[in-house]
Asker: 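Before anything else, here's the structure in question.
Residue numbering restarts at 1 for every chain, and letters A, B, ... go by the order of the sequence lines. Computed from a prediction, not measured in an experiment: that's the story for all the values here.
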Number of protein chains: 2
Amino acid sequence: MPTPHYGQPRYHVIADALRERIESGVIPPGTLLPTESALTAEFRAARGTIRQAIGLLRETGWVSTEHGRGTYANLGPFGSPPSETSELRRRRRVVPDRELATLFAVDEGATLLEEQFVTKVDGNVREVVRRYRLTPPAL
Amino acid sequence: MPTPHYGQPRYHVIADALRERIESGVIPPGTLLPTESALTAEFRAARGTIRQAIGLLRETGWVSTEHGRGTYANLGPFGSPPSETSELRRRRRVVPDRELATLFAVDEGATLLEEQFVTKVDGNVREVVRRYRLTPPAL
DNA sequence: AGAAATTTGTCCGTATGTATC
DNA sequence: AGATACATACGGACAAATTTC
């Protein structure tokens, strides 16, 4: 099989499928997810891909894995055992407001690179950080 | 080559080496890191391992990666570096835009605390960071 | 404008190390 | 000790975004 990833990446799709099973109760909280090899067989995906999907669920608090034991389903994002802080990211090109245009000494028609970091605690947004930089030369 | 990882994992070691270069100025903020293939050659590591190391730096805010372009060195984890590179700051209350209002789950009439950090290098603005929070912990 | 080269993103298959049961 | 499962690492391939010519 080649490597088609037209829409979402494979591991995104797999993560979504697993998340849905947890949400719907097919995989009850506190129970083990299928093993990596089982998921590998079911989704016809490589181990690394399965592990990326599980890693995604772990970062978002849906599961917790224990070394040498397995991966457990949690109650939900930041539901039961896990997480204090999470961090999401987004990047895009934006038109600077007057202040930014002045600081960077560019026209207001120019574009800046904006990165946004969202820090959550127990599922609540604690702070949002927006970083602005000049778009690297040549554009 | 086998896969020894006795002490620290290789991607930890590589990440540390790269972070050291950023901190010491060998790789100045805003400039590109060597390409993945260059790092592959230098560290004699597989590309996946290099990408793991870079991913570590990205999670901790040391670098930012752009598809098809490269990986840029940042100043450090967010606004952290109280470095000699001058840094101004300003504090004020602002009305959240729609996105911020949604993230913080507040009305658009509410006010958020905005802190602005301006980092200059050689007198030129390198980056502007704006942090938004609900309640100031210690104003 | 368009094609080629460069660079990061994703995926595959495999092998070995390490921790737990 | 053996079985199971996660962690790390290798190498190769194709896809997508960007830059360069």
Asker: What's the separation between atom CG in L39(B) and atom CD1 in I14(B), rounded to the nearest 0.5 Å?
Answerer: 8.0 Å
Asker: Please check if any side-chain donor atom of T65(A) sits under 3.5 Å from a side-chain acceptor atom of T71(A), or the reverse.
Answerer: no
Asker: Atom CZ of R10(B) and atom P of dG17(C): how far apart are they, to the nearest Å?
Answerer: 14 Å
Asker: Does anything in residues 38-48 of chain B come within less than 4.0 Å of DNA chain D? Heavy atoms only, and list the residues if so.
Answerer: R44(B), A45(B), A46(B), R47(B)
Asker: Checking T35(B) now: which residues fulfil side chain to side chain donor-acceptor pair (under 3.5 Å) with it, not counting sequence neighbours?
Answerer: S37(B)
Asker: Has Y11(A) got a side-chain N or O lying under 4.0 Å from the OP1 or OP2 atom of dT10(C)?
Answerer: yes
Asker: Nearest whole angstrom, please: distance from the C1' of dC6(D) to the CD of Q52(A).
Answerer: 15 Å
Asker: Cluster partners of Y72(A), using ILVMFWY side-chain heavy atoms under 4.5 angstrom, listed by chain and number?
Answerer: L32(A)
Asker: Closest approach of Y132(B) and F104(B), non-hydrogen atoms and distance?
Answerer: O-CZ, 3.4 Å
Asker: Taking 4.0 Å as the cut-off, does a side-chain nitrogen or oxygen of T49(B) come that near to OP1 or OP2 on dT8(D)?
Answerer: no
Asker: Would you compute the distance between atom CG of L57(B) and atom CZ of R19(B) and round it to the nearest 0.5 angstrom?
Answerer: 8.0 Å
Asker: Show me the protein contacts with nucleotides 4-7 of chain C, counting only N or O atoms at under 3.5 Å.
Answerer:
none

Asker: Atom CZ of R51(A) and atom C1' of dT14(C): how far apart are they, to the nearest Å?
Answerer: 14 Å
Asker: Ion pair present between R130(B) and D97(B), side-chain N to carboxylate O less than 4.0 angstrom?
Answerer: no
Asker: Could you pick out which residue, I50(A) or I54(B), lies toward the 5' side of DNA chain C when each is mapped onto its nearest nucleotide?
Answerer: I54(B)
Asker: Using whole Å, what does the distance between atom P of nucleotide dT18(D) and atom OH of Y72(B) come to?
Answerer: 11 Å
Asker: Which pairs would a plain distance check flag for residues 45-55 of chain A, meaning a side-chain donor or acceptor within less than 3.5 Å of a matching protein atom at least two apart in sequence or in another chain?
Answerer:
{"unit_1": "R47(A)", "atom_1": "NE", "unit_2": "E36(A)", "atom_2": "OE1", "d": "3.1"}
{"unit_1": "R47(A)", "atom_1": "NH2", "unit_2": "E36(A)", "atom_2": "OE1", "d": "3.2"}
{"unit_1": "R51(A)", "atom_1": "NH1", "unit_2": "E36(A)", "atom_2": "OE2", "d": "2.8"}

Asker: Mind calculating the distance between CD (Q8(B)) and P (dT18(C)) to the nearest angstrom?
Answerer: 14 Å
Asker: Test question: given the 4.5 Å side-chain rule for I, L, V, M, F, W and Y, name all other residues clustered with L56(A), or answer none.
Answerer: Y11(A)
